[in-house]
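Letters go in sequence order (proteins before strands), and every chain restarts at 1. Here the structure is a predicted model, which is why all the values come from computation and not from measurement.
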There are 2 protein chains.
Amino acid sequence: MTNCPFCQTDGGELLWRDARLRVVLADEAGYPGFCRVIWHAHVAEMSDLTAAEQQHLMQAVFALERAQRKALAPDKVNLASLGNQVPHVHWHVIPRFGDDPHFPGSVWSSPQREIAPTALSARRARLPALREAVVAELQNTFGGAQA
Amino acid sequence: MTNCPFCQTDGGELLWRDARLRVVLADEAGYPGFCRVIWHAHVAEMSDLTAAEQQHLMQAVFALERAQRKALAPDKVNLASLGNQVPHVHWHVIPRFGDDPHFPGSVWSSPQREIAPTALSARRARLPALREAVVAELQNTFGGAQA
């Protein structure tokens with residue numbers, strides 16, 4: 001689709017990919033470690049995928065959640081597949097902290113605060129560990145396929 | 001957990017349940033057909049479940065998505081597991097329409113409009129069909145377990 005950003009670009013810093021999907025690190029203000037799992041093919045809904053494809057995609061989402069928990073120790077992980085603006089299946093996998101800009105609201109809610117620069121720096125410093133954990137968890141889940 | 005609403009109540013109108021989870025119809029203003037899949041046990045994250053439990057839960061989520069598409073023909077279905085306020089695994093399965101209060105934003109974003117009373121009435125009139133479709137899709141997915 002020529003007007004779909006997930007058909008035209010990786011959609012973020014590529015951390016892992018296989019034949020069906022990719023995992024990218026997003027660049028969302030206040031949210032170091034915000035990742036997405038993007039299905040390569042342009043389909044709108046999870047129920048447009050086969051059961052095997054759904055399972056493969058969710059295994060990647062849950063592997064990514066495990067990697068975020070290991071590398072970042074968030075207070076909560078948020079998972080969402082919305083696609084109202086970009087109807088191409090993609091999952092937001094978002095490490096949440098009590099002092100992040102929207103907690104306990106969703107990241108799409110009205111912001112409640114600015115994140116402290118020291119907290120932001122500390123989380124950014126964990127990104128190398130997150131990149132390693134993502135690759136390790138996905139290889140552990142699926143075997144050797146790699147970006 | 002005595003202070004957890006999903007441990008204390010069904011969390012909505014019960015449409016289907018089995019030994020591990022239940023599907024409820026929520027009562028969210030402007031969103032007839034908004035459903036939730038709630039895991040019975042009080043666990044916070046999807047990665048706290050076993051792979052078999054994760055798969056069972058997501059099969060229910062996707063069955064519910066199919067039921068909403070069949071009964072309501074939404075423009076998009078939104079899926080989300082957040083749990084920042086209630087850290088007990090539950091999935092929001094939300095039929096979205098271009099004229100609903102927040103489209104194309106998330107349902108947690110700032111509202112953009114009021115839904116027209118005629119559109120709201122028309123969607124409410126589909127709730128009996130949705131209840132039937134939910135039971136049919138879940139029985140088709142899992143067999144005869146029933147509320």
Exercise for review: Group every Ile, Leu, Val, Met, Phe, Trp and Tyr by side-chain heavy-atom contacts under 4.5 Å, then state whether A:V61 and A:F34 land in the same group.
Suggested key: no
Review point. In terms of heavy-atom pairs under 4.5 Å with chain A, which of B:G83, B:G98, B:S47 leads?
Key: B:S47
Practice item. Would you list the pairs meeting side chain to side chain donor-acceptor pair (under 3.5 Å) in which at least one residue belongs to residues 104-114 of chain A, sequence neighbours left out? Key: A:S106-A:S109
**Study point:** Test item: B:K76 and A:E45 side chains (from C-beta on) under 4.5 Å apart, heavy atoms
**Key:** yes
Point to revise | Proximal to chain B - members of residues 48-56 of chain A, heavy-atom separation under 4.5 Å | key: A:D48, A:Q54, A:Q55
**Study point:** Cluster check A:L14, A:I38: I/L/V/M/F/W/Y, side chain < 4.5 angstrom
**Key:** yes
Review point. What distance do B:N84 atom CG and A:D100 atom CG have between them, rounded to the nearest 0.5 Å?
Key: 7.5 Å
Point to revise | Residues of residues 66-73 of chain B within contact distance of chain A, non-hydrogen under 4.5 Å | key: B:R66, B:R69
Practice item. Mind checking the CD1-CG spacing from A:I94 to B:L82? Nearest 0.5 Å is all I need. Key: 7.5 Å
Check your understanding: In terms of hydrophobic clusters joined by side-chain contacts under 4.5 Å, are B:W91 and B:Y31 together?
Key -> no
Point to revise | Student check: side-chain heavy atoms of A:F62 and B:M58 closer than 4.5 Å | key: yes
Check your understanding: Relative to chain B, which of A:N78, A:D75, A:V107 shows the most heavy atom pairs under 4.5 Å?
Key -> A:N78
Exercise for review: Look at atom CD of B:E132 and say whether more than 12 heavy atoms of other residues, nucleotides or ligands are closer to it than 6.0 Å.
Suggested key: no
Exercise for review: With sequence neighbours left out, write down each residue that passes side chain to side chain contact (heavy atoms under 4.5 Å, CB included) with B:P87, or none if nothing qualifies.
Suggested key: B:A44
Check your understanding: Do B:L130 and B:W16 belong together in a cluster built from hydrophobic side chains that touch within less than 4.5 Å?
Key -> yes
Check your understanding: If Ile, Leu, Val, Met, Phe, Trp and Tyr residues are connected whenever their side-chain heavy atoms lie under 4.5 Å apart, and connections chain through other members, are A:I115 and A:V77 in the same group?
Key -> no
